[in-house]
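Structure, as structure tokens:
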Protein chains: 2
Amino acid sequence: MVSTNSLNQMTTSDTDSASSLRRALKLLRILSEGNPEGLRLKDIAEAAGCSQPTAHRMLQDLAAEGFAEQAAGKRYRLALDFYVLAARAGQASGLRDAARPALLRLSATLSDTIFLLVRNGFDAVCLDRVEGPFPIRSFTGDIGGKVPLGLGQGSLAILANLPEDEQEAVIRFNIPRLLDRGFLDEASLRGALAQARAQGWVNTSTGLIPGMAGVGVPVLDAQGRAVAALSVGTLAERLNADRLPHVVRILQSEAQALAGKLNPFDVALRYPSRSLSTIGAN
Amino acid sequence: MVSTNSLNQMTTSDTDSASSLRRALKLLRILSEGNPEGLRLKDIAEAAGCSQPTAHRMLQDLAAEGFAEQAAGKRYRLALDFYVLAARAGQASGLRDAARPALLRLSATLSDTIFLLVRNGFDAVCLDRVEGPFPIRSFTGDIGGKVPLGLGQGSLAILANLPEDEQEAVIRFNIPRLLDRGFLDEASLRGALAQARAQGWVNTSTGLIPGMAGVGVPVLDAQGRAVAALSVGTLAERLNADRLPHVVRILQSEAQALAGKLNPFDVALRYPSRSLSTIGAN
DNA sequence: ATCCCGAATTCCGACATCCTGAATTTATCT
DNA sequence: AGATAAATTCAGGATGTCGGAATTCGGGAT
């Protein structure tokens with residue numbers, strides 16, 4: 001049989017006493033995590049823990065609103081409208097627009113790929129990316145992609161500059177996830193964090209991805225909390241001792257300028273106080 | 001105030017006798033179209049045509065599932081989770097991954113900004129984009145952005161290569177929208193379409209955006225229908241008579257190669273993928 | 001080409017959930 | 001601070017929802 005959901009440990013606080021709306025939203029998550037070609041109704045119903053007619057009706061509604069669609073073979077998948085709709089979600093803080101000129105400058109100056117990452121719960125999310133001419137492999141992947149905080153240069157830079165207690169909570173939650181991805185034990189993570197905090201930037205040529213290297217710097221808000229990170233991803237050979245200081249300097253300069261433009265209006269992104277309800281998913 | 005501009009497609013039977021789920025989904029659309037900083041409950045309720053308590057409860061559910069969040073000032077807006085979730089929606093056809101190498105090659109070769117557009121209803125959606133060193137203004141905007149079919153090079157290239165009846169339907173629907181954006185009367189649109197169909201590519205240096213120019217070519221499926229477009233956006237001076245033919249040729253070449261890779265996902269000729277493949281790996 | 005089986009979709013009665021209006025708390029403005 | 005408007009909570013009553021059963025659809029084998 002289809003092995004049940006892989007990562008969903010404690011999907012929601014209330015086992016099954018969720019509202020019908022929340023159940024429907026779970027369907028979207030299921031679709032998002034499933035095969036992009038589409039999922040069969042039966043499997044969706046099973047994953048959602050509801051009957052087939054119920055799943056069917058909800059999916060019909062989702063389709064009618066343009067959130068889902070039925071591909072050939074009757075398979076259901078997310079529709080493009082959903083994508084379009086969400087494109088504006090990243091704009092919340094205006095960070096993306098604020099950072100774009102910096103990304104373009106950095107990419108033009110360094111001829112490398114530049115990432116803009118923001119913190120989102122226990123993850124870093126790639127909010128934007130400008131590609132350089134060199135082919136890059138990164139954890140972060142595409143725009144909209146996410147990595148556990150601590151994995152990768154920018155992600156590490158953010159984690160290193162969180163308030164003590166939050167950092168600790170994130171570390172505790174992410175250690176298993178990091179081990180799953182095959183990198184870092186807790187000791188080396190804490191070592192890397194200490195160094196990152198001390199020197200203000202992160203340099204990982206430590207072979208996480210063979211041949212790749214990068215530099216990440218945090219973007220700090222008025223309280224010194226990391227809300228984002230700028231990072232460079234490039235070939236290891238392009239980050240030698242000669243070039244590294246230059247790259248760090250220019251990155252830090254842009255990060256600082258960006259911090260100045262931050263909208264102080266909503267820096268304090270709040271996290272749902274209700275236990276671990278929403279963060280378990282994905 | 002908040003006008004409920006619903007550009008919903010034909011699929012939506014727009015009677016107000018919608019299920020509660022569909023009403024909730026409309027809320028997401030309202031949030032998406034509203035001020036990215038967030039909307040007040042009162043306005044949301046008004047735009048959705050429901051009472052405040054109802055809107056409130058639905059928004060609470062949306063927030064609990066990570067689709068929305070409450071910013072300072074109690075304003076509601078889409079959350080980053082939504083963005084992350086939707087990032088995988090664009091993957092439906094695998095077109096994006098298939099096209100990425102081509103985009104990178106084109107950008108590297110031409111030193112200009114390259115767009116990948118796909119058709120979505122009456123719009124063209126920017127599925128991916130690789131930026132060149134020159135600052136560009138485009139209709140399409142960011143990844144996830146959309147333009148009415150017919151506006152812009154790639155968008156025009158798609159429209160020009162749709163089946164007769166669909167094209168006609170799109171034109172009829174889009175004419176007012178195009179006029180709204182201040183460009184093109186119907187006659188010149190039809191003229192441009194005829195030319196685009198005849199020569200196989202679109203060249204707009206016709207001053208839609210001052211100083212900007214671009215070339216778009218359609219990506220055709222096995223039946224000769226346009227499913228996507230590749231386009232170049234650049235400064236008008238960079239598309240002179242000398243360079244234009246070269247740009248067109250290389251674009252067409254990539255578009256053709258891309259068409260060959262298109263997934264014939266119409267029929268499930270696929271061998272039963274029961275084993276492991278239904279669970280998408282990350 | 002036909003049969004057969006599993007999946008998808010439709011139907012319907014019982015029931016739980018959701019909606020509206022009023023009350024209470026919280027934020028915003030003068 | 002006071003006043004006002006918005007946001008949130010609360011409680012019945014109505015409506016939409018749920019899941020089993022029946023039907024249609026589609027795919028695979030003989």
Side-chain angles (χ1 to χ4, degrees), chain A residues 1-2 12 14-27 30-31 34-35 37-65 68-77 265-266 268 270 272-274, chain B residues 1-2 11 13 15-27 30-31 34-35 37-65 68-77 264-275 278:
Chain A
M1 266 302 159
V2 179
T12 9
D14 306 321
T15 10
D16 61 331
S17 66
S19 73
S20 67
L21 172 52
R22 288 181 64 174
R23 263 169 283 156
L25 295 176
K26 278 222 165 52
L27 287 188
I30 290 167
L31 289 178
N35 185 333
E37 304 242 341
L39 269 55
R40 299 184 315 171
L41 174 64
K42 189 193 179 193
D43 295 330
I44 297 172
E46 180 182 343
C50 65
S51 71
Q52 262 180 43
T54 299
H56 178 258
R57 191 167 28 73
M58 291 196 288
L59 285 166
Q60 290 303 324
D61 285 343
L62 290 173
E65 288 297 331
E69 66 186 0
Q70 238 175 331
K74 301 295 184 184
R75 282 202 185 70
Y76 291 91
R77 63 186 184 194
F265 178 61
D266 65 349
R270 302 172 333 186
S273 46
R274 38 181 60 198
Chain B
M1 275 303 171
V2 184
T11 54
S13 57
T15 58
D16 55 340
S17 64
S19 71
S20 67
L21 172 53
R22 287 181 62 175
R23 262 169 283 154
L25 295 176
K26 278 222 167 57
L27 252 49
I30 290 167
L31 289 178
N35 185 334
E37 303 243 339
L39 268 56
R40 300 185 315 171
L41 175 62
K42 189 195 178 190
D43 295 330
I44 297 172
E46 179 183 343
C50 66
S51 71
Q52 266 182 40
T54 299
H56 179 259
R57 191 172 32 72
M58 292 196 289
L59 286 166
Q60 290 302 325
D61 284 343
L62 290 173
E65 288 296 331
E69 67 186 2
Q70 236 174 333
K74 300 294 184 185
R75 289 223 253 290
Y76 290 92
R77 63 186 183 194
F265 49 76
D266 278 312
V267 199
L269 307 166
R270 297 271 164 196
Y271 21 83
S273 53
R274 291 308 172 74
S275 47
T278 49

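What's counted below: heavy atoms across the whole structure, side chains too, no hydrogens, waters or symmetry copies. Below, chains carry the letters A, B, ... as their sequence lines are ordered, and counting in each starts from 1.
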CD on A:E46 to CG on A:L41, rounded to 0.5 Å: 11.5 Å

query: For C:dA7, does OP1 or OP2 lie under 4.0 Å from any side-chain N or O of A:Y76?
result: no

query: Between CD1 of A:I44 and CZ of A:R75, what distance do you get to the nearest 0.5 Å?
result: 10.0 Å

- line: 5'-most contact on DNA chain C (nearest-nucleotide basis), A:H56 vs A:L21, goes to A:H56

message: Nearest whole Å is fine: how far is D:dA7 C1' from B:L39 CG?
response: 15 Å

From CA spacing to verdict: side chain to side chain contact (heavy atoms under 4.5 Å, CB included), B:L21, A:M58: CA-CA 7 Å; B:L21 172 53; A:M58 291 196 288; 4.0 Å; yes

- request: Check step by step if side chain to side chain contact (heavy atoms under 4.5 Å, CB included) holds for A:L31 and A:L59.
  value: CA-CA 10 Å; A:L31 289 178; A:L59 285 166; 4.1 Å; yes

When you compare the protein's N or O atoms with those of nucleotides 2-6 of chain D, which come within less than 3.5 Å of each other, and at what distance?
unit_1 : atom_1 : unit_2 : atom_2 : d
D:dA6  : OP1    : B:K42  : NZ     : 3.1

- request: Supply the atom-to-atom distance A:Q60 CD to A:Q70 CD, rounded to the nearest 0.5 angstrom.
  value: 6.0 Å

query: Once each nucleotide of nucleotides 18-25 of chain D is scored for protein heavy atoms under 4.0 Å, what B/S/- sequence comes out, 5' to 3'?
result: BBBB----

task: Determine, for A:E37 against A:R77, whether the closest basic-nitrogen to carboxylate-oxygen distance falls under 4.0 angstrom.
output: no

- request: Using atom CG of B:L59 as one end and atom P of D:dT9 as the other, report the distance to the nearest whole Å.
  value: 13 Å

task: Quick one: pull up CD in A:E65 and NZ in B:K26 and give me the separation to the nearest 0.5 Å.
output: 4.0 Å

- prompt: Any side-chain N or O of A:Q70 under 4.0 Å from OP1/OP2 of C:dT9?
  reply: yes

- request: Round to a whole Å and report the spacing from CZ of B:R22 to P of D:dG16.
  value: 13 Å

All salt bridge (charged side-chain N to carboxylate O under 4.0 Å, His left out) counterparts of A:R57, not counting sequence neighbours: none

